[in-house]
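Before any comments, here is the structure.
Throughout, a chain's letter reflects where its sequence line sits, starting with A, and its residues are numbered from 1.
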There are 2 protein chains.
Amino acid sequence: MPSKPTPLTMDAVYAKPGYLFRRMQQIAVAIFVEECRTFDTTPVQYAALVAIQTHPGIDATRLSAVIAFDRSTLGSVIERLEAKGLIERKPASHDKRVKLLYLTRAGAKLLRDIMPSVDRAQARMLQPLKPADRKVLMGLLAQLVDLNNEVSRVPLRAEDALEHLGRAE
Amino acid sequence: MPSKPTPLTMDAVYAKPGYLFRRMQQIAVAIFVEECRTFDTTPVQYAALVAIQTHPGIDATRLSAVIAFDRSTLGSVIERLEAKGLIERKPASHDKRVKLLYLTRAGAKLLRDIMPSVDRAQARMLQPLKPADRKVLMGLLAQLVDLNNEVSRVPLRAEDALEHLGRAE
DNA sequence: CCTACATTGTCAGTATGCTGTCAATCAAGT
DNA sequence: ACTTGATTGACAGCATACTGACAATGTAGG
């Protein structure tokens with residue numbers, strides 16, 4: 001008896017990791033945007049703001065490594081944040097190529113104000129699970145993301161952020 | 001002593017569900033595309049092809065419900081699949097608005113041929129985890145996606161696919 | 001029949017995400 | 001100093017994703 005060729009039905013697709021990861025990301029973004037609607041800020045923009053706050057004077061290339069965010073797309077994200085007056089771009093004195101990123105006062109205020117909404121969003125994503133299951137899921141996912149870090153185009157390089165220190169402007 | 005306001009550092013972000021879901025999706029797509037490079041097919045295009053094979057003569061709106069895929073974006077996906085000769089669009093006789101979707105012979109062949117690559121990709125996503133942990137992760141994620149189904153713009157409606165039956169062209 | 005409402009496909013606009021390319025600039029070795 | 005190679009920011013092009021709008025068509029009620 002030959003074994004059935006795998007998918008054929010949608011039910012087989014629904015249980016596959018690729019499908020579940022896409023769906024979960026879709027849901028997570030929807031929840032984030034809904035909770036943070038009044039701030040008109042996306043998950044990616046929020047992550048960028050936090051990273052810039054944590055590492056003032058970081059440049060775009062290092063920022064992309066710190067939030068594992070594609071370098072090409074980051075350009076437009078920065079542009080939008082700058083247009084909204086949340087960040088500033090200043091040329092670096094030590095290297096005519098780089099532009100250093102700083103949070104503006106408005107950006108810092110937004111980060112303070114948006115925090116409760118972000119926390120609510122993060123909580124809502126896991127809400128349907130039992131507390132113990134939430135821990136298990138997050139633990140396994142953190143492991144998996146870490147172990148697969150090198151696979152994506154922009155692996156996370158949290159340490160890269162430190163390279164700009166020691167040459168503060 | 002007041003409790004510290006939540007994020008402040010990137011480490012706090014790295015452990016949040018929103019970040020992990022985005023990162024995992026990023027990695028999953030990268031693996032899929034890498035394994036299926038020779039077929040020049042994306043995860044979404046693959047899902048659409050499987051759904052059309054399972055439900056020949058489905059229309060675009062129902063297709064979007066079956067793969068939980070945004071209706072607006074689906075238009076361009078269908079266009080690309082049609083341009084590649086993998087599917088056909090035929091006007092429905094019972095309703096001048098709808099266009100029915102069918103797999104072409106080339107589409108069916110691609111689905112047969114791509115299957116090993118897709119299976120390899122799905123396996124690679126979970127590879128770094130112990131087999132027992134893979135089961136736990138998929139189980140919890142399937143639960144969570146199902147319980148959050150209504151949140152996203154396009155909730156999954158697998159049953160919708162059956163509505164087109166009984167009026168075969 | 002006619003009107004109010006719903007559905008279908010399409011489109012414009014915005015925002016990620018990826019691949020690949022380019023000029024300007026910098027660094028390192030000769 | 002000069003050349004080679006790497007880095008930085010920018011961009012073009014493609015492919016998801018979402019919001020909101022629209023015309024054409026269908027349907028159900030009066």
Confirm from the modelled atom types if A/Ser72 and C/dG20 form a donor-acceptor pair under 3.5 Å, side chain to base only. yes
Is any side-chain N of the basic residue among B/Lys90 and B/Glu82 closer than 4.0 Å to the acidic one's carboxylate O? no
Does B/Glu79 pair with B/Lys99 as a salt bridge, N-O distance under 4.0 Å? no
Are B/Met138 and B/Leu20 co-members of a hydrophobic cluster defined by side-chain heavy atoms under 4.5 Å apart? yes
Is it the case that one hydrophobic cluster holds both B/Phe32 and B/Leu137, taking links as side-chain heavy atoms less than 4.5 Å apart, direct or via other members? yes
Can you check the [X] [atom1] to [N] [atom2] distance for me, whole Å?
X       : N      : atom1 : atom2 : value
A/Arg22 : D/dC18 : CZ    : C1'   : 13 Å
B/Glu34 : C/dC18 : CD    : P     : 13 Å
B/Leu63 : D/dT16 : CG    : P     : 13 Å
A/His94 : C/dT25 : NE2   : C1'   : 13 Å
B/Met24 : C/dG17 : CE    : C1'   : 16 Å
B/Lys96 : D/dT25 : NZ    : P     : 6 Å
B/Phe32 : C/dC18 : CZ    : P     : 16 Å
A/Ile31 : D/dC18 : CD1   : P     : 13 Å

At less than 4.0 Å, is any side-chain N or O atom of [X] found next to OP1 or OP2 of [N]? Yes or no.
X       : N      : answer
A/Lys99 : D/dA10 : yes
B/Arg71 : C/dG9  : yes
A/Arg89 : D/dA10 : yes
B/Gln26 : C/dC18 : yes

Which sits closer to the 5' end of DNA chain C, A/Arg97 or A/Phe69, going by the nucleotide each is nearest to? A/Phe69
Counting the atoms with a prime plus P, OP1 and OP2 as sugar-phosphate, which does A/Thr61 contact under 4.0 Å by heavy atoms, base, sugar-phosphate, or nothing? sugar-phosphate
Considering every strand and a 4.0 Å limit on heavy-atom distances, what is the contact class for A/Asp70: base, sugar-phosphate, or nothing? base
Is it the case that the side chain of [X] and the backbone of [Y] share a donor-acceptor pair, with hydrogens and angles ignored and the cut-off at 3.5 Å?
X        : Y        : result
B/Arg134 : B/Leu126 : yes
A/Gln53  : A/Ala108 : no
B/Asp70  : B/Thr73  : yes
A/Thr104 : A/Leu86  : yes
A/Thr41  : A/Phe39  : yes

Assign each of A/Val29 and B/Lys84 the nucleotide of DNA chain D bearing its closest heavy atom; nearer the 5' end lies the nucleotide of B/Lys84
Check DNA chain D against residues 36-45 of chain B and give the residues with a non-hydrogen atom under 4.0 Å, in numerical order. B/Thr42, B/Val44, B/Gln45
Between residues 73-83 of chain A and DNA chain C, which residues have a heavy-atom gap below 4.0 Å? A/Thr73, A/Val77, A/Arg80
Taking only residues two or more places apart in sequence, or in another chain, which ones meet A/Asp95 in a salt bridge (charged side-chain N to carboxylate O under 4.0 Å, His left out)? A/Arg97
